A.B. asks: 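Pasting in a structure now, in structure tokens, and then I'll have a few things to ask.
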Amino acid sequence: MRNRFPLLSSKKSFFIVLFALSFLAALSSASNAITPKIAAGSSYSIALKSDGTLWAWGNNGFGQLGDGTTTDILSPTRIGTDNTWISISAGTNHTIALKSDGTLWAWGNNSSGQLGDETTTDRLSPTQIGTDNTWVAISAGGNHTIALKSNGTLWAWGNNSSGQLGNSSTINKLSPAQIGTSNGWVAISAGGNHTIALRANGTLWAWGGNSSGQLGNGSTTNKLSPVQIGSNSTWVAISAGGNHTVALRANGTLWAWGNNSSGQLGNSSTINKLSPAQIGTSNGWVAISAGGNHTIASRANGTLWSWGYNGFGQLGDGTTTDKLSSGKIGTDNKWITFAAGLNHTISLTLGGTLWSWGYNGFGQLGDGSSTDRLAPVEIWTDNNWGNVSIGSFHTVVVKLDGTLWASGSNEESQLGRTATDMCGSYPCLTTYGQVSSDNNWRSVEEGGGGHHTVALKTDGSLWAWGRNAEGQVGDGTSVEKTTPVMIGANYNWVSVATGSHQTVALKSDGTLWGWGENSSGQLGSSTPSKVYSPKKISGSYYTIVATGHDHTVALKADGTLWAWGYNYHGQLGDGTTITRKYPTKIGSDRNWVYVVAGFRHTVALKSNGTLWAWGKNHNGQIGDQSTTDRYVPTQIGTDNDWKAIAQGSGSYTVALKSNGTLWSWGGNEDGQLGRDTSELCGTTPCATVPGQVGTENNWVVIFTGGHSTMALKADGTLWAWGYNGFGQLGDGTITNRFYPMEISH
């Protein structure tokens, strides 16, 4: 019901890669969690944990680790006490980061003004850049920085000797300066002295140094302003390395150009390429990272591949021999995010473990030594609980080891396994039981008010089970499924959202597909009333989708909001109560960053940290101190520090602030708010304004469903409260819980 859109996390390169069209970002719940991220600089590493804390290690000669010193560090060390970091990028010797409030921070080498603080003074700890709070994407290059604002405008500062700032000059800039006037940019990647960017229409642009053809325009002449590379409009991901560039197209093919002295283009030669050239014939690539002179990429099946310079073992194949074509790293198929540095590589697995290999002269591998490693070595583990999905009467969890677990009602096989308990007259599980023996599950979504479950695997395949009378499983039948079945033959699914009797899912090319119940146009078409296999929904460049009982809402890469389906209570937000059977743009704002759909209300977050809601409000679930339905987005209070949102089909809302506190409002008849309330909405206990849940400030992830709520703390513990009639809280009982209680397994 609430979409937990698992954006594929952006793969940071030597100078960062930022995936185009946020549908290729993060492999965990964007609605609730901070997606763990890693970035590799020239000789240092930065990591962002799921609790929003920042960690660094390696070379610190310019203060690029941000710990207030210039002393090298050989193992991961926490930077400061903040837990509101959401994105990081490492350049040669400077670091750029974003906080959840949209502010921009920088530290390290500032010889060319690459920190953007109007000086050339190095900074040894995070320093805020200006006062603007609308930054949404960052990329640190050799000695320059590129950043994107929520309005789609592009900004640059630092070294400009090769025109890498794109402002038609070669003069350095000490503070952010806009590149042109366009507001259609969606992704950026800064290389050694060149810059690559994508526009919302899928076209590729480049500027700056071009001595090796790294711009891809068929020449070796520097460009001082953005030039389009070819005419193709299906680019979806980019990564700029030292003097080479790697990019992905929507069809999963991989392309490279520029310097090829060590085989970093992967085309079985060492000849430079002045324009994009395909790497092999495979179309199963999903992520890329270009390092100094080597390249790392992953395929849809979760395997990791490398090629190029290997003098320090940065390819991770156990040798120091260069490779001119792609070679698989080990046998693991659970790699989810990675970063290629100058001569080292770091990567994170689905199990939450961090691995590194290659050059370690400054301790940048983080293993406590300065010894080079020719194959991956484990550095740390984050925590165990991963993605959680709560239905009206059941809960399904993906652990960070890739295993799938379920508890609660199994009335229509929604657990995907045999239930050994009885809750009244229905089969159930009151403690978590494993679903299948597979350990490559990535995320899960249950059928909010219904009884079906859909899950993604690390290879991009989609699986479903449970009730199927309306075709919501998507296997072309209406027969109930007792165990997971694969939907179609595609391996490019990146997220899924489920309603009461319908499913909507997103592919890596930004297209949206729906199946199941369509009586109110919730699948984005007027006919048929039931759809039994995935059917494409009109439009493109979708990044986030959520579906309620019988309406659907989605965000596009340009920050616009779209909705369709049933609208009697104004849940579409278009100012009417008219049902819409095709995607309809809601307002003109372009700064929406997240949206969730409840039973018949909608809540969304803007890039400035403000929270908005609309639709049915009978239990105060809008949070505006009333029970009046709202037909257009209505701001909830004046706070601008909201970070994450979730809402249940039981007409309530839960939200997380950037300071780690948890807040709830709406119906509270089963304790789903996790706190005491004194109001009545009709005869239902409720709260019509947000109120804090307890006093803790270490909440990092929230999940809601039906009348049940779950949340993760920064220490990796799982807590639950609310309705528990079918054991869906997983505490071994069927007793409702009115306050958060820890769930152990």
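Since the model is a prediction, treat every value here as computed from it, not as a measurement.
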A.B. asks: Please evaluate residues Thr688 and Gln621 with respect to the criterion side chain to side chain contact (heavy atoms under 4.5 Å, CB included), reporting the C-alpha separation (whole Å), side-chain torsions for both, the decisive distance (0.1 Å), and the verdict.
C.D. replies: CA-CA 7 Å; Thr688 60; Gln621 58 263 46; over 6 Å; no
A.B. asks: Would you name the heavy atoms of Ala597 and Ala546 that are closest together and state the gap between them?
C.D. replies: N-CB, 3.7 Å
A.B. asks: Rounded to the nearest 0.5 Å, how far does CD1 of Ile586 lie from CZ of Arg580?
C.D. replies: 8.0 Å
A.B. asks: Looking only at side chains, do His501 and Ser519 share a donor and an acceptor under 3.5 Å apart?
C.D. replies: no
A.B. asks: Is it true that Thr677 and Glu679 share a donor-acceptor pair across their side chains at a distance under 3.5 Å?
C.D. replies: no
A.B. asks: Please give me the minimum heavy-atom distance between Gln672 and Gly667, naming the atom from each residue.
C.D. replies: NE2-O, 3.1 Å
A.B. asks: Is it the case that the side chains of Arg630 and Ser626 hold a donor-acceptor pair, with the cut-off being a distance below 3.5 Å and no angle test?
C.D. replies: yes
A.B. asks: Listed by chain and number, what are the side chain to side chain donor-acceptor pair (under 3.5 Å) partners of Tyr582, not counting sequence neighbours?
C.D. replies: Ser526
A.B. asks: Rounded to the nearest 0.5 Å, what's the gap from NZ on Lys643 to CD1 on Ile86? Could you check?
C.D. replies: 9.0 Å
A.B. asks: Among Val701, Ile702, Asn698, find the one that has a side-chain contact (heavy atoms from CB on, under 4.5 Å) with Leu712.
C.D. replies: Val701
A.B. asks: By the definition side-chain contact (heavy atoms from CB on, under 4.5 Å), identify the one residue from Val444, Thr403, Leu456 that meets it with Val398.
C.D. replies: Val444
A.B. asks: Strictly below 4.0 Å, N to O, side chains only: are Glu696 and Lys713 in salt-bridge contact?
C.D. replies: yes
A.B. asks: Answer yes when Arg600 and Asp550 have at least one side-chain N-carboxylate O distance shorter than 4.0 Å, and no when they do not.
C.D. replies: yes
A.B. asks: Apply side chain to side chain contact (heavy atoms under 4.5 Å, CB included) to residues Leu729 and Arg737 and explain how you reach the verdict.
C.D. replies: CA-CA 9 Å; Leu729 299 187; Arg737 303 295 180 180; 3.7 Å; yes
A.B. asks: Please name the pair of heavy atoms, one in Gly570 and one in Trp614, separated by the smallest distance, quoted to 0.1 Å.
C.D. replies: O-CD1, 3.3 Å
A.B. asks: Is the distance between the ring centroids of Phe599 and His549 less than 6.0 Å?
C.D. replies: yes
A.B. asks: His452 vs Ser413, test: side-chain hydrogen bond (donor to acceptor under 3.5 Å, both in side chains). Steps then yes/no.
C.D. replies: CA-CA 8 Å; His452 76 291; Ser413 303; over 6 Å; no
A.B. asks: Any luck finding a side-chain donor-acceptor pair between Thr653 and His601 under 3.5 Å?
C.D. replies: yes
A.B. asks: Among Leu512, Val504, Thr552, which residue satisfies the side-chain contact (heavy atoms from CB on, under 4.5 Å) criterion with Leu523?
C.D. replies: Val504
A.B. asks: Can you give me the closest heavy-atom contact between Thr683 and Leu680, atom names plus distance?
C.D. replies: O-CD2, 3.8 Å
A.B. asks: Looking only at side-chain N and O atoms, does His451 offer a donor or acceptor that is under 3.5 Å from a partner on Glu412?
C.D. replies: yes
A.B. asks: Between atom CE of Met741 and atom OG1 of Thr735, what is the distance when rounded to the nearest 0.5 Å?
C.D. replies: 9.5 Å
A.B. asks: What is the distance from atom CG of Asp624 to atom CG of Asn617, rounded to the nearest 0.5 Å?
C.D. replies: 5.0 Å
A.B. asks: Using a strict threshold of under 4.0 Å (side-chain N to carboxylate O), is an ion pair present between Lys657 and Asp641?
C.D. replies: yes
A.B. asks: Taking all non-hydrogen atoms of both residues, which atom of Cys423 and which atom of Gly725 are closest, and how far apart?
C.D. replies: CB-O, 3.9 Å
A.B. asks: With no hydrogens and no angle check, do the side chains of Tyr652 and Thr709 hold a donor and an acceptor under 3.5 Å apart?
C.D. replies: yes
A.B. asks: Among side-chain atoms of Asn591 and Asn151, is any donor-acceptor pair under 3.5 angstrom?
C.D. replies: no
A.B. asks: Between Trp85 and Leu54, what is the shortest heavy-atom contact and its length?
C.D. replies: CD1-CB, 3.7 Å
A.B. asks: Under a 3.5 Å threshold, yes or no: a donor from one side chain and an acceptor from the other, between Asn518 and Ser529?
C.D. replies: no
A.B. asks: What distance separates Thr53 OG1 from Leu48 CG, expressed to the nearest 0.5 Å?
C.D. replies: 7.0 Å
A.B. asks: Would you please name every residue forming a ring pair (Phe, Tyr, Trp, His ring centres under 6.0 Å) with Trp55, sequence neighbours left out?
C.D. replies: Trp380
A.B. asks: With distance as the sole criterion, is a donor-acceptor pair present between the side chains of Ser443 and Trp441 under 3.5 Å?
C.D. replies: no
A.B. asks: Under 3.5 Å, is there a donor-acceptor pair between the Ser664 and Arg675 side chains?
C.D. replies: yes
A.B. asks: Tell me, please, which residues at least two apart from Trp642 pass side chain to side chain donor-acceptor pair (under 3.5 Å).
C.D. replies: none
A.B. asks: Verify the neighbour count for atom OH of Tyr568: are there more than 12 heavy atoms of other residues, nucleotides or ligands below 6.0 Å?
C.D. replies: no
A.B. asks: Both conditions, 6.0 Å and 45 degrees, for the charged tip of Lys556 above the ring of Tyr542: are they met here?
C.D. replies: yes
A.B. asks: With rounding to the nearest 0.5 Å, note down the distance linking OG1 in Thr503 to CD in Gln522.
C.D. replies: 11.0 Å
